[in-house]
J.: 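Dropping a structure here in structure tokens format, bear with me for questions.
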Number of protein chains: 2
Amino acid sequence: MPPRPAPDLDSRRDLIVRTARHLAESDGWSAVTMRRLAGDLGVTQPVLYSAFPGRQALLDAVALTGFTDLAAALGAADPEPPARMRAYLRFAAEHPRLYEAMFSLPSGLAFAAEDTPEPLRRAFSGVRDAFPDEDGTRAEVAWSVLHGLATLEAGARLTPGRAQARLELAHRLLTAGPST
Amino acid sequence: MPPRPAPDLDSRRDLIVRTARHLAESDGWSAVTMRRLAGDLGVTQPVLYSAFPGRQALLDAVALTGFTDLAAALGAADPEPPARMRAYLRFAAEHPRLYEAMFSLPSGLAFAAEDTPEPLRRAFSGVRDAFPDEDGTRAEVAWSVLHGLATLEAGARLTPGRAQARLELAHRLLTAGPST
DNA sequence: CAAACATCCTAGCACTGTTATATAACGGTG
DNA sequence: CACCGTTATATAACAGTGCTAGGATGTTTG
């Protein structure tokens with residue numbers, strides 16, 4: 001059996017990440033084991049370790065692609081607050097496991113630090129641009145609302161069917177007075 | 001070796017939950033294994049299964065005590081919004097792992113459903129009472145802000161040192177106009 | 001052609017949650 | 001007092017986890 005013609009590392013990493021993401025979205029993160037993942041890819045576990053140092057690094061890589069996609073989704077939306085907010089919540093609702101990897105699962109991704117990866121910065125910019133203010137406090141609060149709504153709704157902890165009303169109220173509050 | 005004089009089930013469950021909570025708060029949830037937990041308690045693993053059907057049920061029980069405590073912390077605070085908000089965020093900051101079990105970890109706890117446990121209801125009431133409105137939309141948004149701030153701050157994803165400013169802004173926005 | 005290299009798979013380690021089995025102590029009955 | 005069943009415990013095992021060393025296979029280079 002000839003060993004398959006090793007593709008370069010980047011595209012291999014990409015394939016692994018995509019498969020992991022797909023597997024998580026369909027069966028949950030607990031189903032994303034190295035063995036299962038390797039099986040779905042048609043290889044054995046050690047191959048995964050030649051692409052990533054361990055499972056955590058793989059999850060971080062998946063989360064990173066999530067931030068890239070989120071940044072893209074926000075960037076594609078109208079810069080007006082309501083559109084951006086809708087885009088954020090839609091992204092979280094459409095990719096619940098991915099969003100989980102980005103925010104809920106233990107992660108080694110630095111954030112408000114110097115070595116914050118570019119995608120994270122861009123994703124936050126997508127929120128900040130819609131809620132500009134002098135020092136970024138408003139943007140951080142806006143992000144908190146969105147994140148809170150996204151996670152609580154994902155956990156079925158808010159009244160279903162009132163999502164629209166919550167979004168409208170949140171928008172109204174955030175864009176009401178110029179603060180201070 | 002005489003078997004110790006089995007305490008009744010409730011107090012035994014309570015002891016296990018307290019130990020698990022303590023262990024998580026000091027070493028993280030990944031360190032809370034059935035073996036380690038049993039070791040800390042001076043018993044063997046199967047004993048834990050006589051008190052809880054499995055690890056998940058144990059974590060749920062821990063989370064439940066968290067909601068009880070959160071409800072108490074909110075109830076003990078001034079009913080005025082800023083005090084309640086401060087109490088909520090302080091609770092999350094002082095018990096990060098517990099808060100994690102309550103909201104971030106996979107959980108079997110029903111919420112916006114019929115069989116929502118009492119402590120969960122009471123905890124949410126602690127937020128709702130500070131932000132009353134006709135249908136509860138405002139309370140849900142308020143809760144989302146608080147939860148978003150709590151988790152993003154716990155993950156070091158917001159600028160440190162601006163927590164006070166964020167809280168003040170969030171309060172101002174939530175109590176600004178009577179909405180609609 | 002032969003040596004060196006890269007890649008992969010097999011097999012295994014230490015650990016996890018969970019469960020079946022066996023042992024020891026207690027409480028009540030003859 | 002002797003017996004027995006219940007109960008609570010510990011021992012040991014199972015399947016599955018993340019991860020890693022060693023050997024076998026193919027490809028490429030001297």
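Letters A, B, ... mirror the listed sequences (proteins, then strands); counts begin at 1.
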J.: Kindly determine whether A:F52 and A:M34 satisfy side chain to side chain contact (heavy atoms under 4.5 Å, CB included), including the steps that lead there.
T.: CA-CA 11 Å; A:F52 295 96; A:M34 299 303 262; over 6 Å; no

J.: Rounded off to whole Å, could you give me the CE-to-C1' distance for the B:M34 and D:dG16 pair?
T.: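 One finds 16 Å between C1' of D:dG16 and CE of B:M34, rounded.
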
J.: Run the side chain to side chain contact (heavy atoms under 4.5 Å, CB included) test on B:R12 and B:S50 for me, step by step, so that the C-alpha distance in whole Å, both residues' side-chain angles and the decisive distance to 0.1 Å come before the verdict.
T.: CA-CA 10 Å; B:R12 193 218 293 265; B:S50 68; 4.2 Å; yes

J.: Roughly how many Å is it from CG in A:L48 to C1' in D:dT20, rounded to a whole number?
T.: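 Rounded to whole Å, this separation is 13 Å.
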
J.: Closer to the 5' end of DNA chain D via nearest nucleotide, is it A:P53 or A:R36?
T.: A:R36

J.: Taking atom C1' of C:dG17 as reference, at what distance in whole Å does atom CG of B:L59 sit?
T.: 12 Å

J.: Can you identify which nucleotide, out of C:dT16, D:dG18, C:dC8, has its nearest atom closest to the A:R35 side chain?
T.: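 Minimum distance to the A:R35 side chain belongs to D:dG18.
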
J.: Whole angstroms only, please: what is the CZ-P distance between A:R55 and D:dT17?
T.: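 After rounding, the reported distance stands at 10 Å.
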
J.: Please report, rounded to the nearest Å, how far the P atom of C:dT16 is from the CG atom of B:L37.
T.: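 Answer to the nearest Å: 12 Å.
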
J.: Would you call the rings of A:H147 and B:H147 parallel, tilted or perpendicular, where under 30° means parallel and over 60° means perpendicular?
T.: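 Because their plane-to-plane angle is under 30°, the rings of A:H147 and B:H147 count as parallel.
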
J.: If the cut-off is 4.0 Å, is A:R12 near the phosphate of C:dC8, judged by side-chain N/O to OP1 or OP2?
T.: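 So the side chain of A:R12 is within the cut-off, an N or O lying under 4.0 Å from OP1 or OP2 of C:dC8.
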
J.: Should B:T151 and A:F103 be marked as a side chain to side chain contact (heavy atoms under 4.5 Å, CB included) after you check the CA-CA gap, both sets of side-chain angles, and the distance that decides it?
T.: CA-CA 9 Å; B:T151 58; A:F103 288 102; over 6 Å; no

J.: Check every atom of C:dG17, C:dT10, D:dA10 against the side chain of A:P46 and return the nucleotide holding the closest atom.
T.: C:dT10

J.: For A:I16 and D:dG18, give me the distance from atom CD1 to atom P, rounded to whole Å.
T.: 14 Å

J.: Nearest-Å distance, OH (B:Y49) to P (D:dT11)?
T.: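 Those two atoms, OH and P, are 17 Å apart.
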
J.: Rounded to the nearest angstrom, tell me the gap between atom CD in A:Q45 and atom P in C:dG12.
T.: 14 Å

J.: Any base atoms under 4.0 Å from A:T33, or only sugar-phosphate, or nothing? Heavy atoms, all strands.
T.: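 Sugar-phosphate, backbone atoms only, no base.
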
J.: Nearest of D:dA10, C:dC8, D:dT9 to any side-chain atom of A:S50?
T.: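 Nearest to the side chain of A:S50 among the choices is C:dC8.
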
J.: What is the minimum heavy-atom distance between B:V17 and B:A61, and which atoms define it?
T.: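 Between these two residues, the closest heavy atoms are CG2-CB, 3.9 Å.
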
